[in-house]
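Shown next, in structure tokens, is the structure this report addresses.
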Amino acid sequence: TDGAEWWRSAVVYQIYPRSFADSDGDGVGDLRGVIAHLDHLVDLGIGVIWLGPVYPSSQADNGYDITDYQDIDPVFGSLEDLDALLAAIHARGMRLILDLVVNHSSHRHPWFVESRRSTVNPYADWYFWRDPRPGTVGGQPGAEPNNWGAAFSGPAWTWVPERAQYYLHLFSPSQPDLNWENAEVRDAVFSMMNWWLDRGIDGFRMDVINFIAKDRDLPDVPAPAGGYGDGMPHFANRPELKGYLREMNERVFDPRPGRYLRVGEMPHVSPEQAREFTDTENALLAMVFQFDHVSLDQQGDKWTPRTASVNDLRDTLVRWQLALSDGGWNSLYWNNHDQPRVVSRYGNDTTFWRESATALATVLHLHRGTPYVYQGEEIGMTNMPFDSIADLRDVESLAYYAAAVDGSGADPAAAMAALRRQSRDNARTPMQWTGAAGAGFSDGTPWIAANPNHSWLNVAAQRDDPGSIYQHYKALIALRHSRSVLVMGGFRVIETGRDQIYAFARTWGDETVEVYANLSNSPISFDLASAGGRVLLLTNYHESDPESEALRPWEARVYEC
Ligand code: TEU
């Protein structure tokens with residue numbers, strides 16, 4: 001792929017360390033467990049590993065609440081283990097990016113422990129502290145400085161009697177938001193980033209990076225009577241955001257040779273904004289994670305279901321592809337540690353489990369952008385049949401259930417149905433390496449139960465099976481590495497006149513690749529767009545007639561034209 005930055009052609013594998021591989025039998029994945037499985041990623045064709053947070057943490061949000069940004073939580077290992085992992089990754093020609101979680105720290109971080117003591121200590125202004133709403137008594141319901149709700153239920157403010165003020169937390173009370181307007185906060189963050197880059201890592205995935213600039217007035221927002229509202233317009237994609245990212249680039253990345261992968265997770269970002277942040281001239285980031293395609297089955301809040309149609313999926317994917325088809329850059333993902341498993345969500349994890357998993361993978365990987373494979377996606381791992389709330393661990397899921405069932409008297413069965421559909425724990429059950437009792441993940445009791453289907457759905461069962469989901473992912477990644485058109489090519493939709501079919505073309509110079517995918521449970525006939533002379537590069541059905549103008553359920557075909 002001529003001259004493109006390495007992260008345009010590489011495929012990124014996301015590891016959720018707690019659930020990937022446990023080397024010491026404590027039931028929690030760790031760094032030594034990752035080292036032991038690197039060759040699986042080499043076999044798959046992975047170029048970059050995104051490792052979820054492994055820093056010391058109060059573990060209220062599984063590491064997204066950090067108490068020390070420059071060390072490793074003992075549950076995952078040590079800094080020496082991280083250095084050994086980095087060396088092992090580099091020795092295999094792969095790269096490592098870490099998770100940068102600097103919109104907030106843990107409430108147990110020394111910065112916050114000091115900040116909460118008084119209004120006059122050196123860290124007093126490192127977070128968002130506000131007096132009770134005028135005319136109210138601090139700590140009483142309704143005394144919060146504004147009416148924003150937190151992402152994990154409840155108000156976005158917690159009262160600290162010691163300081164006689166509230167602090168802001170967009171997520172859990174264990175995650176106080178850092179005040180980026182304070183230059184000392186920015187100094188500390190940039191110094192920490194430089195410390196990690198000096199250690200040899202290859203970049204960062206930046207957690208909710210578009211939330212770091214807040215509207216200092218922190219105004220009330222429309223909200224149901226006595227309820228909380230969505231403060232998003234006052235903390236997402238604010239005008240000051242670009243200034244902070246420009247300063248980050250000037251003080252961290254620009255002074256260094258080489259190219260670092262900078263990925264910004266940006267809930268609520270639009271394609272146009274993504275283009276602004278990633279456009280080639282003065283790219284503030286290499287790419288962003290958007291959320292439009294992973295909220296199509298939600299209506300307002302994530303727990304209220306909506307049926308996502310193929311048209312919904314296609315329209316959203318196409319909108320993002322077209323916006324970034326001739327400038328800027330896209331991330332491509334179906335799964336991560338916050339999303340339910342795509343084969344259960346948008347595919348068919350019963351009748352057409354293999355076909356739908358591979359059709360969805362084909363569509364994603366042949367788009368323009370950098371593909372991400374989330375651990376277990378490469379073997380088609382499915383959602384978990386959670387039986388009761390005791391099976392769940394995620395702070396977001398537990399808070400939702402408590403608020404719905406204990407707080408509002410909702411039917412526990414309905415709440416469990418919503419959790420089986422959308423809980424983040426669907427993505428956090430142990431990686432399924434083998435069919436053995438602990439799924440090859442741990443010899444101990446795992447921190448969260450493994451999916452019972454690991455008995456047949458696992459790496460060992462698929463690795464040497466030519467028709468497996470694993471082998472299809474491997475073929476897709478190899479295909480991407482073999483053709484510039486799949487990396488640099490533009491994107492255009494192919495109109496087939498069939499709602500169930502998603503078809504598109506990629507063109508680069510005189511190379512054209514066409515993709516046709518039937519994203520439904522029914523066979524469908526259609527007309528192949530290009531004139532003859534096609535070569536079938538890849539299909540997800542074992543036997544496939546390249547000239548057939550009928551696609552079987554979830555059949556995907558890739559042609560070179
Ligand atoms: O997620 C940000 C985010 O928007 C998610 O909260 C997502 O919207 C939600 O999980 C969907 O229900 C990042 C991390 O990926 C997530 O794991 C953390 O919980 C969150 O930030 C706070 O750090």
Side-chain angles (χ1 to χ4, degrees), residues 12 14-19 50-55 57-67 69 97-109 112 148-154 156 168-178 189 204-212 230-232 235-237 263-269 288-306 331 333-342 345 372 374-375 383 392-401 403-404 418-428 448:
V12 185
Q14 180 194 352
I15 289 176
Y16 193 68
R18 176 173 281 275
S19 307
W50 156 25
L51 182 67
V54 288
Y55 321 99
S57 161
S58 36
Q59 298 298 349
D61 187 15
N62 291 354
Y64 283 93
D65 45 323
I66 295 168
T67 55
Y69 284 95
I97 67 173
L98 296 182
D99 220 311
L100 182 76
V101 188
V102 291
N103 171 69
H104 48 270
S105 73
S106 165
H107 65 313
R108 297 244 182 83
H109 193 292
F112 187 81
W148 297 3
F152 300 155
S153 307
L168 175 70
H169 50 82
L170 298 181
F171 293 95
S172 75
S174 304
Q175 295 165 295
D177 282 61
L178 284 160
V189 169
F204 293 99
R205 174 267 189 186
M206 304 179 188
D207 191 62
V208 289
I209 198 67
N210 63 325
F211 287 5
I212 61 176
D230 181 358
M232 189 273 288
F235 65 72
N237 306 316
V263 188
E265 186 208 25
M266 294 195 165
H268 312 291
V269 70
V288 304
F289 285 138
Q290 66 270 38
F291 283 71
D292 290 354
H293 64 304
V294 291
S295 43
L296 294 169
D297 58 352
Q298 302 165 6
Q299 194 157 311
D301 67 279
K302 73 182 281 183
W303 310 108
T304 305
R306 172 184 180 281
S331 69
Y333 77 95
W334 285 127
N335 294 290
N336 62 37
H337 62 293
D338 294 334
Q339 301 299 332
R341 295 274 182 182
V342 74
R345 179 182 213 175
Y372 287 71
Y374 177 64
Q375 67 183 51
N383 280 354
L392 289 122
R393 299 291 180 273
D394 174 23
V395 58
E396 179 189 56
S397 297
L398 298 175
Y400 157 71
Y401 187 90
L419 286 167
R420 276 190 291 274
R421 273 195 309 274
Q422 295 286 354
S423 171
R424 304 192 299 179
D425 280 330
N426 279 305
R428 303 176 180 186
I448 186 170

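Counting starts at 1 for both ligands and their atoms, following the listed order.
Below 4.0 Å from some heavy atom of H337 lie the following atoms of ligand 1, by number and element: 14 (C), 15 (O), 16 (C), 17 (O). Atoms of ligand 1 found under 4.0 Å from any heavy atom of F171 (numbered from 1 in listed order, with element): 6 (O), 20 (C), 22 (C). Atom numbering of ligand 1 starts at 1 in the shown order; those under 4.0 Å from a heavy atom of Q175 are 22 (C), 23 (O). Using a 4.0 Å cut-off to heavy atoms of E396, the atoms of ligand 1 that qualify are 9 (C), 10 (O), 11 (C), 12 (O). Close contacts between ligand 1 and D207 involve ligand atoms 13 (C), 14 (C), 15 (O), 21 (O), 22 (C), 23 (O) [criterion: under 4.0 Å to a heavy atom]. Ligand 1 places these atoms under 4.0 Å from at least one heavy atom of K302: 11 (C), 12 (O). Close approach to E265 involves these atoms of ligand 1, each under 4.0 Å from a residue heavy atom: 1 (O), 2 (C), 3 (C), 13 (C), 15 (O).
Exactly one of R306, K302, R345 qualifies for a side-chain hydrogen bond (donor to acceptor under 3.5 Å, both in side chains) with D297. That residue is R345. Results of the ring-ring contact (aromatic ring centres under 6.0 Å, His included) test with Y333 over W50, Y372, F289 single out F289 as the only residue that passes.
Shortest contact from atom 15 (O) of ligand 1 to any protein heavy atom: D338 OD2, 2.5 Å. At the top of the distance list for atom 4 (O) of ligand 1, counting protein heavy atoms only, stands P267 CG, 3.3 Å. In terms of protein heavy-atom proximity, atom 10 (O) of ligand 1 is closest to R424 NH1, 3.1 Å. Here the heavy atom of the protein found nearest to atom 7 (C) of ligand 1 is F291 CE2, 4.2 Å. Taking atom 19 (O) of ligand 1 as the reference point, the nearest protein heavy-atom neighbour is D61 OD2, 2.6 Å.
The distance criterion of under 3.5 Å between nitrogen or oxygen atoms is met by H104 with respect to ligand 1.
Aromatic rings of Y64 and F171 (six-membered ring for Trp) have centroids beyond the 6.0 Å cut-off, not under it.
Checked by atom type, the side-chain pair Q14/R205 shows no donor-acceptor distance below 3.5 Å.
Not a single heavy atom of H169 lies less than 4.0 angstrom from ligand 1.
Below 30°, between 30° and 60°, or above 60°: for H268 and F211 the angle between ring planes is below 30°, a parallel geometry. Between Y16 and H337, the ring planes lie parallel to each other; the angle is under 30°, not in the 30° to 60° tilted range. The aromatic rings of W303 and Y400 sit parallel to each other, their planes meeting at less than 30°, with 60° as the upper class boundary.
The main-chain N or O of V102 is never found under 3.5 Å from a side-chain atom of D207 such that the two would form a donor-acceptor pair.
Ion pairing between a basic and an acidic side chain is recognised when a charged N comes within 4.0 Å of a carboxylate O; D338 and R428 show such pairing.
Counting heavy atoms closer than 4.0 Å to ligand 1, residue Y16 contributes nothing at all. With a 4.0 Å heavy-atom cut-off, ligand 1 is reached by the side chain of R205 but not by its N, CA, C or O.
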Before you tell me yes or no, could you show the steps for S172 and Q175 under side chain to side chain donor-acceptor pair (under 3.5 Å), namely the whole-Å CA-CA distance, both residues' side-chain angles and the distance that decides it to 0.1 Å?
CA-CA 5 Å; S172 75; Q175 295 165 295; 2.8 Å; yes

